[in-house]
Amino acid sequence: MNYSRKDLVQTDATMNQMRNSIYILERFMEKNGVLDLKERLRKMGLNIAKTYIRYWKPTNVVTSSNLKDVITTIYQKVLNSSTSIEIDDTENLIRVQDYRCALCKYHYDDIEIAGCEITLGMVSGIISLISKESSDPSSIFLEPYEVKESRALGNKTCIQLYKYEIGRKL
């Protein structure tokens, strides 16, 4: 069977092979002296966002009034995750606690960088790309900030942090 990308976006697929591949790739890159692994994983996420957004968008505008709903929808639809989201308006930070991170299901003793760095790149990419297309002056732009905790690193949940700005690209 040949599926188009549009067909694949509409299907439910397991993350097992992707999760396994990420950690095999991480080990391979570390063994071969790649130093910017975190940035490479985030860029992979951004590339996924650039492709994904051609076939599915949670909304046409992202503003402070729908930001939590849009993030929740992305995590649910794309990653089948359950999250809680906090927005810190003083620091312009978004804290996403992911209880079922698809990329960090298991603890790996030999891993130093969590697979959900890809999630940081993808989610911030989807939202920023939507906002870039929007003419709304109060559109939100995200940038990956930090994976604060990760199940792959031994924590109980994954916590991803994003920086945000309203009205202009970061």
Side-chain angles (χ1 to χ4, degrees), residues 3-5 7-58 70-86 88 91-130 132 141-164 169-170:
Y3 292 103
S4 70
R5 288 182 176 162
D7 295 332
L8 292 173
V9 168
Q10 301 303 317
T11 64
D12 290 329
T14 64
M15 296 294 275
N16 291 338
Q17 282 74 23
M18 184 168 177
R19 180 179 49 249
N20 293 341
S21 298
I22 290 166
Y23 295 109
I24 291 168
L25 176 63
E26 184 173 333
R27 289 179 187 106
F28 175 81
M29 292 172 82
E30 284 178 355
K31 181 180 176 182
N32 287 287
V34 175
L35 301 176
D36 59 344
L37 183 56
K38 189 181 293 186
E39 286 305 312
R40 286 177 184 252
L41 292 176
R42 289 179 181 184
K43 190 170 186 171
M44 287 169 83
L46 177 59
N47 288 337
I48 291 168
K50 287 177 181 177
T51 300
Y52 213 92
I53 200 167
R54 289 187 221 154
Y55 307 102
W56 176 82
K57 283 190 235 181
V70 171
I71 292 172
T72 298
T73 300
I74 293 169
Y75 274 82
Q76 285 175 345
K77 172 79 174 159
V78 179
L79 302 167
N80 196 28
S81 286
S82 173
T83 60
S84 66
I85 299 166
E86 298 172 13
D88 179 347
E91 297 288 325
N92 284 15
L93 278 175
I94 300 166
R95 180 183 184 271
V96 177
Q97 186 166 7
D98 189 344
Y99 300 99
R100 290 190 332 221
C101 180
L103 301 178
C104 299
K105 189 173 182 178
Y106 304 108
H107 175 225
Y108 299 97
D109 290 328
D110 63 331
I111 294 297
E112 295 179 22
I113 297 175
C116 56
E117 291 289 347
I118 293 173
T119 302
L120 275 177
M122 184 194 69
V123 172
S124 61
I126 288 172
I127 290 175
S128 294
L129 288 166
I130 289 169
K132 187 177 178 182
F141 290 86
L142 292 188
E143 144 179 318
Y145 186 65
E146 175 183 22
V147 172
K148 187 84 169 161
E149 294 182 6
S150 171
R151 291 167 58 190
L153 304 177
N155 303 106
K156 291 183 180 183
T157 64
C158 291
I159 298 176
Q160 297 119 16
L161 302 176
Y162 300 88
K163 280 290 224 183
Y164 74 91
K169 184 179 178 195
L170 290 168

For side chain to side chain donor-acceptor pair (under 3.5 Å), just list the numbers for Ser81 and Asp98, CA-CA rounded to whole Å, side-chain angles, deciding distance to a tenth of an Å, and then say yes or no. CA-CA 7 Å; Ser81 286; Asp98 189 344; 3.1 Å; yes

Any side-chain heavy-atom pair from [X] and [Y] closer than 4.5 angstrom?
X	Y	result
Gln76	Ile71	no
Val78	Met122	yes
Leu161	Leu120	no
Thr119	Leu103	yes
Ile85	Ile94	yes
Leu93	Tyr164	no
Asp88	Arg95	no
Ser84	Tyr99	yes

What do the steps show when you test Tyr106 against Arg151 for side chain to side chain contact (heavy atoms under 4.5 Å, CB included), and what is the final call? CA-CA 6 Å; Tyr106 304 108; Arg151 291 167 58 190; over 6 Å; no

Tyr145: partners by ring pair (Phe, Tyr, Trp, His ring centres under 6.0 Å), with sequence neighbours left out: none

Which heavy atom of [X] sits nearest a heavy atom of [Y], and at what distance?
X	Y	result
Ala114	Cys104	CB-SG, 4.1 Å
Thr73	Pro58	CG2-CB, 3.9 Å
Asn80	Arg100	O-NH2, 2.7 Å
Ala152	Tyr23	CB-OH, 3.3 Å
Met44	Leu25	CE-CD2, 4.1 Å
Ile126	Ile53	O-CD1, 3.7 Å

Could you measure the distance from the [atom1] atom of [X] to the [atom2] atom of [Y]? Nearest 0.5 Å is fine.
X	Y	atom1	atom2	result
Ile159	Thr83	CD1	OG1	12.0 Å
Leu46	Ile48	CG	CD1	9.5 Å
Glu26	Arg40	CD	CZ	12.5 Å
Phe141	Ile130	CZ	CD1	11.0 Å
Thr157	Gln160	OG1	CD	9.0 Å
Ile113	Met29	CD1	CE	9.0 Å

Criterion side chain to side chain contact (heavy atoms under 4.5 Å, CB included) on Ile118 and Arg42, from CA distance to verdict: CA-CA 5 Å; Ile118 293 173; Arg42 289 179 181 184; over 6 Å; no

Step by step, work out the side chain to side chain contact (heavy atoms under 4.5 Å, CB included) result for Lys50 and Asn47. CA-CA 5 Å; Lys50 287 177 181 177; Asn47 288 337; 4.3 Å; yes

I'd like to check the salt bridge (Lys or Arg N to Asp or Glu O under 4.0 Å) partners of Lys148; sequence neighbours left out, ordered by chain and number. none

Do any N or O atoms from the side chain of Ser124 and from the backbone of Gly121 form a donor-acceptor pair under 3.5 angstrom? yes

Under a 3.5 Å distance rule, please check whether Asn155 uses its side chain to pair with a backbone N or O of Glu149 as donor and acceptor. no

Residues in side chain to side chain contact (heavy atoms under 4.5 Å, CB included) contact with Asp110, at least two apart in sequence or another chain: Arg27, Tyr108

Less than 4.0 Å between a side-chain N and a carboxylate O, is that true for Lys163 and Glu143? no

